[in-house]
Amino acid sequence: MDGYTFFLPMSVRDYECDIQGIVNNSVYQNYLEHTRHEYLKSVGIDFKAYALEGINLVVVRAELDYRFPLESGDAFLVGLNLMRTSRLKFTFHQDIYRERDRRLILNAKITGTALNERGRPEIPPALDRLMA
């Protein structure tokens, strides 16, 4: 579990589980998004402030590989790395591990871009510096 730029601990809430007693597949995207937002905040990038300026950080592709389910009450860690994948795109590589045994639960590759006030792709300077 070494080699991540950022980790966020979380835990499963009862209402996130489906009839099978495991976390519903769609909930994992919430975990991943929350981690991305917390990471950006931790490095001084304010998602909301960008939106108020007309800059929108958007997901253009989400690839998730589910390895093992989480259950109600499970504590887990989300690891994150950010890398530039092209002049106008960046990718968050994220993995979820169950805390008690470090079991890999999910791998994700979330590709995004930033849209300026005209709706055109443009990476803001602070985000550009982060990926330098």
Side-chain angles (χ1 to χ4, degrees):
M1 287 186 28
D2 295 330
Y4 294 97
T5 303
F6 183 79
F7 268 110
L8 186 67
M10 299 173 75
S11 60
V12 175
R13 296 164 291 232
D14 292 340
Y15 64 84
E16 296 170 329
C17 297
D18 59 23
I19 195 73
Q20 298 167 329
I22 59 175
V23 172
N24 183 277
N25 69 85
S26 65
V27 174
Y28 290 95
Q29 291 219 33
N30 292 328
Y31 297 157
L32 297 170
E33 182 172 18
H34 181 65
T35 302
R36 292 192 303 274
H37 286 222
E38 290 298 311
Y39 167 69
L40 291 173
K41 271 198 310 193
S42 78
V43 295
I45 295 176
D46 187 330
F47 196 87
K48 183 178 179 181
Y50 270 4
L52 293 173
E53 294 173 23
I55 299 168
N56 293 295
L57 302 180
V58 297
V59 170
V60 297
R61 182 176 178 85
E63 300 173 55
L64 283 70
D65 293 315
Y66 299 92
R67 306 289 183 191
F68 192 81
L70 288 170
E71 298 175 347
S72 181
D74 279 344
F76 60 94
L77 300 165
V78 183
L80 174 149
N81 285 314
L82 171 63
M83 65 184 309
R84 178 174 295 245
T85 49
S86 75
R87 188 173 69 79
L88 296 173
K89 290 183 184 173
F90 47 86
T91 299
F92 290 94
H93 293 271
Q94 296 179 262
D95 298 314
I96 296 178
Y97 295 90
R98 188 169 55 194
E99 193 169 332
R100 76 172 176 267
D101 57 3
R102 303 297 198 236
R103 182 164 193 167
L104 179 62
I105 301 299
L106 177 141
N107 304 104
K109 182 179 169 185
I110 309 296
T111 303
T113 192
L115 302 176
N116 63 23
E117 61 280 349
R118 296 179 317 280
R120 304 290 302 153
E122 180 182 327
I123 304 297
L127 188 54
D128 188 48
R129 285 189 298 276
L130 184 61
M131 295 183 289

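Listed here is the closest heavy atom pair of L77 and E99: CD2-OE1, 4.3 Å. The two atoms that bring F90 and M131 nearest to each other are CB-SD, 3.3 Å, heavy atoms only. Heavy-atom minimum distance, S86 versus R84: O-CG, 3.0 Å. Here the closest heavy-atom approach between residue R102 and residue Y97 is recorded as O-CD2, 3.4 Å. Of all the heavy atoms in S72 and C17, the pair that sits closest is N-SG, 3.6 Å.
Using a 4.5 Å heavy-atom cutoff, the side chains of I110 and L64 are in contact. Counting heavy atoms from C-beta on, the side chains of T5 and L82 never come closer than 4.5 Å. T91 is not listed as a side-chain neighbour of K89, based on a closest heavy-atom distance of 4.5 Å or more. Annotation: side chain of L115 is in contact with side chain of P121 (closest heavy-atom distance under 4.5 Å). Inter-residue side-chain proximity for E33 and Q29 is flagged as unmet; no heavy-atom pair is nearer than 4.5 Å. At least one side-chain heavy atom of Y31 sits less than 4.5 Å from a side-chain heavy atom of V12. For the pair H34 and V78, the minimum side-chain heavy-atom distance is 4.5 Å or more. Residues R67 and R103 form no side-chain contact, since every pair of their non-hydrogen atoms from C-beta on lies 4.5 Å or further apart.
Under the 3.5 Å distance criterion, the side-chain polar atoms of T35 are left unmatched by any main-chain donor or acceptor of L8. Looking only at distances, no side-chain donor or acceptor of D74 sits under 3.5 Å from a matching main-chain atom of R98. For Q94 (side chain) and L32 (main-chain N/O), a donor-acceptor pair under 3.5 Å exists by modelled atom type. Looking only at distances, a side-chain donor or acceptor of Y66 sits under 3.5 Å from a matching main-chain atom of N25.
In this structure, the separation between CG on N81 and NZ on K109 is 13.5 Å, given to the nearest 0.5 Å. Taking CD1 of I96 as the start and OH of Y28 as the end, the distance is 7.0 Å to the nearest 0.5 Å. Rounded to the nearest 0.5 angstrom, D95 CG and D65 CG are separated by 10.0 Å. Taking CZ of F92 as the start and CG of L80 as the end, the distance is 6.0 Å to the nearest 0.5 Å. Going from atom CD of E122 over to atom CG of D128 covers 10.0 Å, rounded to the nearest 0.5 Å. Between atom CG of residue L106 and atom CG of residue L70 there is a gap of 8.5 Å, rounded to the nearest 0.5 Å.
Judged as a side chain to side chain donor-acceptor pair (under 3.5 Å), and not counting sequence neighbours, R87 has no contacts.
Screening residues 4-23 for salt bridge (charged side-chain N to carboxylate O under 4.0 Å, His left out), with sequence neighbours left out, gives R13-E16.
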Using a 3.5 Å cut-off and no angle test, enumerate the donor-acceptor pairs between side-chain atoms of residues 42-63 and protein atoms at least two apart in sequence or in another chain.
from: S42; atom 1: OG; to: Y39; atom 2: O; distance (Å): 2.7
from: D46; atom 1: OD1; to: K48; atom 2: N; distance (Å): 3.0
from: D46; atom 1: OD1; to: A49; atom 2: N; distance (Å): 3.0
from: R61; atom 1: NE; to: E63; atom 2: OE2; distance (Å): 2.9

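In the hydrophobic clustering of ILVMFWY residues, with side-chain heavy atoms under 4.5 Å counting as a link, L130 and F6 come out together.
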